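This report concerns only the one structure given below.
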Amino acid sequence: MSITATELKLNLSKYLLLAEKEDIFITRNGKTIAKLTSPYQNRVEAAKSLFGVIPDNITLDEARNERISKI
């Protein structure tokens, strides 16, 4: 999603909630100046690459513990 800096200022709380689900690109004068994203998204992607595909019904901690117990 792409929004203007003015739109972000006017509706910050709305976009903070949306950023949990998708990246939000902030523009000024038609140029992208920033990206609002979830700090946890990279952790999930890293975990999937390290552990393989994690089933939806398991948490990252459970997957981590399962992986460690196999070593």
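What you see is a predicted model; the values in this text were computed from it and never measured.
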Find the distance between [atom1] ([X]) and [atom2] ([Y]) and round it off to the nearest 0.5 Å.
X     : Y     : atom1 : atom2 : result
Asn29 : Thr4  : CG    : OG1   : 10.5 Å
Ser2  : Asp23 : OG    : CG    : 11.5 Å
Thr37 : Glu20 : OG1   : CD    : 11.0 Å
Phe25 : Leu36 : CZ    : CG    : 10.5 Å
Ile24 : Leu17 : CD1   : CG    : 9.5 Å

Would you say Thr27's side chain and Ile3's backbone share a donor-acceptor pair under 3.5 angstrom?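 Flag set: sc Thr27 to bb Ile3 pair under 3.5 Å.
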Shared ILVMFWY cluster between Met1 and Ile33, side chains joined below 4.5 angstrom?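 Same cluster: Met1 reaches Ile33 through Ile, Leu, Val, Met, Phe, Trp or Tyr contacts under 4.5 Å.
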